[in-house]
Visitor: 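Handing you a structure now.
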There are 2 protein chains.
Amino acid sequence: MSGSWRSFGDEPLPAPLAAALSAFAEQGYHGTSIRRIAEKAHLSVPGLYHHYPSKQALLEGLVTTVMQELLDRSGQAVEEAGPSAQRRFDHVVECLLRFHMHRRRQAFIASTEIRSMKPEVRDSYIALRDEQQRMLDRIVEQGVAEGVFATAYPLDASRAVTTMCVAVATWFRPDGELGPDQVVERYLSLARATVRAGSA
Amino acid sequence: MSGSWRSFGDEPLPAPLAAALSAFAEQGYHGTSIRRIAEKAHLSVPGLYHHYPSKQALLEGLVTTVMQELLDRSGQAVEEAGPSAQRRFDHVVECLLRFHMHRRRQAFIASTEIRSMKPEVRDSYIALRDEQQRMLDRIVEQGVAEGVFATAYPLDASRAVTTMCVAVATWFRPDGELGPDQVVERYLSLARATVRAGSA
DNA sequence: GGATACCGACCGACCGCTCGGTCTGTACCG
DNA sequence: CGGTACAGACCGAGCGGTCGGTCGGTATCC
């Protein structure tokens, strides 16, 4: 379906994951006790462990699904954009921005709790994250090769653009003064400038 | 002294702070036990408490000094730049970049452990951080007013530039393939592009 | 009656922190 | 110059409490 990467019907997380999400976002992984998560999920501690085998499994359940979703949406966004580097770039950046506004807490946890992941969880997360970065890298390189982007440092610019999009998750608030569409407009303009896109 | 904001003679931290720094950087605040810090400092637990009254005091000792130092250096950098918005911008960005390479672990902890700070520590840290942001905000606004920066969104561009400079602390490695001077050259170019500075 | 969904009670380990000391100086007194 | 007084630096042992996780159940549904 066209543009489906743009829409976020808020399918609810299972109660234990939703509880872990809000607790981790507030206190961090190590700062959150399993009892606090159980309490937020309206469950006893053994009740919680009936659904998830460990605290680490809760973190894993949050971060692997979220990165996979981002990757899927980005793939759709690029595919829909067609061959133009400019359009591909715009679509991926918009996708990154919308994702980090609508999934802000999951994305925030995934990027800040890397240290708390056990090696296998961390490795698979980083692999997905690198794949996401390379997707944008290739687009910027394509744009530079075609002469539509004029940056002298394509890979650094690509990383910088990703960084500023990801950082949106740290300050965006649904009830803030800027709505998602305004943020997309502004940050798309900034991202284009960073790679020195031809248009204004 | 001219350019003193550029030079980082590595004055060593007191042993307990150095130990806390490396432990917090590896495991995070809540993921680090006081015993682990004591071990790294070659001290017993009571020996550690002889120097610092609490675990929180170690965190405070790391984050308040580091933000104050950044603010001091930025002030010097701006002052040395004179009245030109372009030169002021360049100096502050270079200062941010060099700081986040040379003080990367302190800066990383300060920005990632905000949740772990007790309210008074957090409040004073955030006040310093905001002051740093406003310093760059005013420069970008000045540049836009004078017509040397063409960005349509000065405050968003200013935040984006800060974000990409701060993020350098998360990936820069002293033994990496890019040295500090190269990073400054590249990111200064990116930062100028982001605010649409007149020069190439 | 088996599977699913839970819970009260509990476990060993570890948490941040403190108690009651022991050292090694160093300063001053006679 | 020996002796006393004191302070800073440090530690073994252990405090009350919380941690992640588990055991042995019960209630409910198909």
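A, B, ... follow the sequence lines: proteins, then strands. Residue 1 opens every chain. The figures here come from the full heavy-atom set of this structure, side chains too, leaving out hydrogens, waters and symmetry mates. These numbers come from a predicted model, not from an experiment.
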Visitor: Find the distance Ile37(A):CD1 to dC19(D):C1' and express it as a whole number of Å.
Guide: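 Taking CD1 of Ile37(A) and C1' of dC19(D), I get 12 Å after rounding.
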Visitor: To the closest 0.5 Å, what do you measure between OG1 (Thr162(A)) and CZ (Arg129(A))?
Guide: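 Interatomic distance, Thr162(A) OG1 to Arg129(A) CZ, rounded to 0.5 Å: 10.0 Å.
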Visitor: Find the distance Tyr52(B):OH to dG16(C):C1' and express it as a whole number of Å.
Guide: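 Between C1' of dG16(C) and OH of Tyr52(B): 18 Å.
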Visitor: Measure from the side chain of His51(B), starting at C-beta and using heavy atoms only, and say which of dA9(D), dC6(C), dG20(D) lies closest.
Guide: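 For His51(B), the side-chain atoms sit closest to dA9(D).
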Visitor: Quick one: Leu59(A) CG to dG21(D) C1', roughly how many Å, whole number?
Guide: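 Result: 17 Å.
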Visitor: To the nearest Å, give me how far apart NZ (Lys55(A)) and P (dT18(D)) are.
Guide: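 Spelled out: NZ on Lys55(A) to P on dT18(D) is 15 Å.
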Visitor: Just to confirm, is there a sub-4.0 Å distance from OP1 or OP2 of dA9(D) to any side-chain nitrogen or oxygen of His50(B)?
Guide: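 Answer yes for this pair, as a side-chain N or O of His50(B) is under 4.0 Å from OP1 or OP2.
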Visitor: Looking at the side chain of Leu43(A), which of dC6(C), dG20(D), dT22(D) is the nearest nucleotide?
Guide: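 Of all the options, the side chain of Leu43(A) is nearest to dC6(C).
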Visitor: Write down the distance between CG (Leu48(A)) and P (dG21(D)), rounded to a whole number of angstrom.
Guide: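 Computing the Leu48(A):CG to dG21(D):P distance gives 10 Å.
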Visitor: Pick the nucleotide of DNA chain D nearest each of Ser33(A) and Pro46(A); which residue has the one closer to the 5' end?
Guide: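 The residue mapped nearer the 5' terminus is Ser33(A).
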Visitor: Whole Å only: how far is the NZ atom of Lys118(B) from the P atom of dG16(C)?
Guide: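 After rounding, the gap between these two atoms is 12 Å.
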Visitor: How far apart are the C-alpha atoms of Arg35(B) and Glu39(B), what are their side-chain angles, what is the distance that settles it, and do they pass the salt bridge (Lys or Arg N to Asp or Glu O under 4.0 Å) test?
Guide: CA-CA 6 Å; Arg35(B) 274 156 250 266; Glu39(B) 188 184 324; over 6 Å; no
Visitor: Whole Å only: how far is the NE2 atom of His30(A) from the C1' atom of dT18(D)?
Guide: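 Value for this atom pair: 16 Å.
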Visitor: Can you establish whether the number of heavy atoms outside Gln56(B) located under 6.0 Å from its atom CD is more than 12?
Guide: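 Yes - once you tally the heavy atoms of other residues, nucleotides and ligands closer than 6.0 Å, there are more than 12.
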Visitor: Is it the case that Tyr153(A) and Glu185(B) place a side-chain donor and acceptor less than 3.5 Å from each other?
Guide: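 Short answer, yes.
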Visitor: Take the protein atom CD1 of Ile34(B) and the nucleotide atom P of dC11(D), then report the distance between them rounded to whole Å.
Guide: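 After rounding, the reported distance stands at 14 Å.
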Visitor: In terms of the nearest nucleotide of DNA chain C, which residue is placed more toward the 5' end: Gly47(A) or Arg35(A)?
Guide: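 Result: Gly47(A).
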Visitor: Side chain of Tyr49(B), heavy atoms from C-beta onward: which of dT22(D), dA13(D), dG16(C) has the nearest atom to it?
Guide: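 Taking heavy atoms from C-beta onward, the closest nucleotide is dG16(C).
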Visitor: Just checking, any donor-acceptor pair under 3.5 angstrom between side chains of Glu146(B) and Gln142(B)?
Guide: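 A donor-acceptor contact under 3.5 Å links the two side chains.
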